[in-house]
Peer 1: 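Here it is: the structure, laid out below.
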Protein chains: 2
Amino acid sequence: MKKVTINSVAEYAGVSKKTVSRVLNNEPNVSPATREKVLKVFKELDYKPNPIARGLARNKSFIIGCLYDNPSKSYITRVQSGALEACHKFNYNLLIHPCELRGTELIENVGQLLTTSRLDGLVLTPPFSDSQELIDYLKQQDIPYARVASAIQDDSSISVRSNDEQGAFELTEHLISLGHRDIAFIKGHPDHSATEKRFSGYRNALVKHGIDFKSHLVAEGNFSYHSGADSAKEILDLDPMPTAVFASNDYMAAAVLKLATQRQLKVPGDISIAGFDNAPIARHIWPGLTTIAQPVEEMTRQAVEQLIMQISDPSTEVYQKVLEAKLITRESTAAR
Amino acid sequence: MKKVTINSVAEYAGVSKKTVSRVLNNEPNVSPATREKVLKVFKELDYKPNPIARGLARNKSFIIGCLYDNPSKSYITRVQSGALEACHKFNYNLLIHPCELRGTELIENVGQLLTTSRLDGLVLTPPFSDSQELIDYLKQQDIPYARVASAIQDDSSISVRSNDEQGAFELTEHLISLGHRDIAFIKGHPDHSATEKRFSGYRNALVKHGIDFKSHLVAEGNFSYHSGADSAKEILDLDPMPTAVFASNDYMAAAVLKLATQRQLKVPGDISIAGFDNAPIARHIWPGLTTIAQPVEEMTRQAVEQLIMQISDPSTEVYQKVLEAKLITRESTAAR
DNA sequence: ATGAAGTTTGACACCGGTGTCATAATGTCA
DNA sequence: TGACATTATGACACCGGTGTCAAACTTCAT
């Protein structure tokens, strides 16, 4: 079976390549009769234009790359699902590229990625969306990109984020309103800007309600379940034990819940536990976790959609948006 | 900043394109002096070969596509991680493409994928690895592919799977050895071949130990947490309630555990629960789930690695492998 | 010095499309 | 019917690489 190219189609249809190309791209100035004829040949020969050749001529690949380095698998899944939705809407495809922020050489790694597959644009998810080094590099290389959940101030590039600080503030207020005063906090990964945002939301809520901030109630996590387990141990070993724990994401909260249950503590009777993100695990365990729903899919969807817009028309106005985070109360928190 | 192409490099270095191309590809028959000279120009101009142009000339994209349609996010994550490992080892990239097995038109969808990005090969994960229709199509289109966890008999294409039946058999024997006789079973998604394999492993173990199979103990799931929750309700409502539940994956097992805990049942005291896959959730909850560890990453890694081998050398012998599944006992199962 | 063999190099076609521009065909209006 | 605008079409260069093959240059034995 010989390959069917634009040349064979042209020959078979008795027209020039260019005319075939015109039909292919729905360009004007093709007589209905010719168009009809060519379309028939497409069917007859089962012609599929070669995307690589087209890419070379147009200098486009219709592929968006997604960069991530996140211990939370569910976060990644959600990011992908939002990105894919936007990509498929515009007939783009998504290439995924996990890599380490602090790896041997991030820039080299990304450079390698761009060298091996010409991407039309890049979606940066945390912590890459906060890497000034990477952003400078992409700017210099003139690669379009969009930032998801980035804290960097940069009016010249697309950014969609949610209000982490506000979310953490609300969640903390929720705990306070239930009567909790000793609220432990587990921080996220220091490379992620969300970590500080959530932490300050927590502190601001304490301040507002006149509760002293106690640094011994703060544990250092990194968003992984494992780090949550370590922090859980620290916190549950405290004497007196706090009456509530606010973990910076649901995985770490789940780790606290597991250890608490293992120790025969009643949740929320003996201790309330809350997370952040509204990851699937938050509703897959008992008691379900009170948490902050962050619209991860939606953020990524919008970011990628705007990225594609900008790629097809660079004069598009730069899109910057902050989405709302929302409190979800489940069974893991209660009045003390 | 003008674009740096092979032409500008050639001109600048005072050699022909072809010689530059030789240096680029480490081909022999270039004098050390020339090679040196060209390499210096690479550095000086910061030359990056255009992968699309190279792709057109060589008819390759160095991109592998990954097809999936799976309710279990963790399964997808693991598949991706194994596939990426293999891809990066050979400087390939991974493009992900979720689509519905029973969607409007699977073949059309995949055809569209192949039309919009020329992929060098495709990894099929369940349930696609069991779709004879899709496989026939890929064969006809001459697209290299590898099957992960496929039950289809086909000596002519790469296949890596694990022994689902054996795993289910062992897990069931484990429950039987703990003294359980009434063991409920939650089936997976009917489109997945693993569903029947696991089910027959369960039945065979019962037979071997002279236990009657009771169809009212079998619930129909589909691998999703939600379906597990529905099945859990059916099973826990039975009177007498079985003393153990074997769910076809960990998500469904987690759903059973949640409902049981909600109903104040002691696990494993009142009822033992086991899953399959050794998904992260199996160790993120309390009690941890007894399950069968399936080497998902490893299966996919091998499949993609072999796929790439076959792409670069079509005469490579077709790789077919069955990996072992392993019983992991945790706290969710105990003697009755 | 000569010829044979091996090494190095470049000219040129080619991969399969798209963009530019000239030309041919058709339509419009005085 | 002729002049001119408009539409349809194709020739050809081009995107940025690789493959083929012949020419030029070395090396070395005789």
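Chain naming here is simple, since letters A, B, ... match the order of the sequence lines and numbering starts at 1 in each. These figures come from a predicted structure and were not determined experimentally.
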Peer 1: side-chain hydrogen bond (donor to acceptor under 3.5 Å, both in side chains) with Thr300(A): which residues, sequence neighbours excluded?
Peer 2: none
Peer 1: Please give the angle, rounded to 10 degrees, between the axes at the start and the end of the helix from dA1(C)-dT30(D) to dA30(C)-dT1(D), where five pairs define each axis.
Peer 2: 40°
Peer 1: Taking side-chain hydrogen bond (donor to acceptor under 3.5 Å, both in side chains) as the definition, give me every residue that meets it alongside Ser8(A), ordered by chain and number, with sequence neighbours left out.
Peer 2: none
Peer 1: Residues in ring-ring contact (aromatic ring centres under 6.0 Å, His included) with Tyr75(A), at least two apart?
Peer 2: none
Peer 1: Salt-bridged, Asp154(B) to Lys139(B), with N to O below 4.0 Å?
Peer 2: yes
Peer 1: Strictly below 4.0 Å, heavy-atom distances to any atom of DNA chain C: list the hits from residues 51-60 of chain A, or just say none.
Peer 2: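 Heavy-atom contacts with DNA chain C come from Ala53(A), Arg54(A), Leu56(A), Ala57(A), Arg58(A).
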Peer 1: Between side-chain atoms of residues 34-45 of chain B and protein atoms elsewhere (two or more places apart, or another chain), which donor-acceptor pairs fall under 3.5 Å?
Peer 2:
residue	atom	partner	partner atom	Å
Thr34(B)	OG1	Ser31(B)	OG	2.6
Arg35(B)	NH2	Glu27(B)	O	2.8
Glu44(B)	OE2	Tyr12(B)	OH	2.9

Peer 1: Looking at DNA chain D, which of residues 108-119 of chain A put a heavy atom within less than 4.0 Å of it?
Peer 2: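 None - not one residue of the stretch has a heavy atom sitting under 4.0 Å from the strand.
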Peer 1: Would you give the length of the straight line joining atom CG of Asp136(B) to atom CD of Glu133(B), rounded to the nearest 0.5 angstrom?
Peer 2: 8.0 Å
Peer 1: Just to verify, what does Tyr92(A) make a ring-ring contact (aromatic ring centres under 6.0 Å, His included) with, not counting sequence neighbours?
Peer 2: Phe62(A)
Peer 1: Using the test side-chain hydrogen bond (donor to acceptor under 3.5 Å, both in side chains), find all partners of Arg147(A) that sit at least two apart in sequence or belong to another chain.
Peer 2: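 By the side-chain hydrogen bond (donor to acceptor under 3.5 Å, both in side chains) rule, Arg147(A) matches Ser150(A), Ser157(A).
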Peer 1: Along nucleotides 7-13 of chain D, 5' to 3', which nucleotides get a B, which get an S, and which get a -, given that the test is a protein heavy-atom distance under 4.0 Å?
Peer 2: SSBBB--
Peer 1: Show every salt bridge (charged side-chain N to carboxylate O under 4.0 Å, His left out) that has at least one partner inside residues 60-82 of chain A, sequence neighbours left out.
Peer 2: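 Applying salt bridge (charged side-chain N to carboxylate O under 4.0 Å, His left out) to every pair that reaches into residues 60-82 of chain A, excluding sequence neighbours, yields Lys60(A)-Asp120(A), Arg78(A)-Glu297(A).
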Peer 1: Listed by chain and number, what are the side-chain hydrogen bond (donor to acceptor under 3.5 Å, both in side chains) partners of Tyr319(B), not counting sequence neighbours?
Peer 2: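 If we apply the side-chain hydrogen bond (donor to acceptor under 3.5 Å, both in side chains) test to Tyr319(B), skipping adjacent residues, the hits are Gln302(B).
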Peer 1: Among Leu323(B), Val79(B), Thr125(B), exactly one meets side chain to side chain contact (heavy atoms under 4.5 Å, CB included) together with Val296(B). Which residue is that?
Peer 2: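 Only one of Leu323(B), Val79(B), Thr125(B) forms a side chain to side chain contact (heavy atoms under 4.5 Å, CB included) with Val296(B), namely Val79(B).
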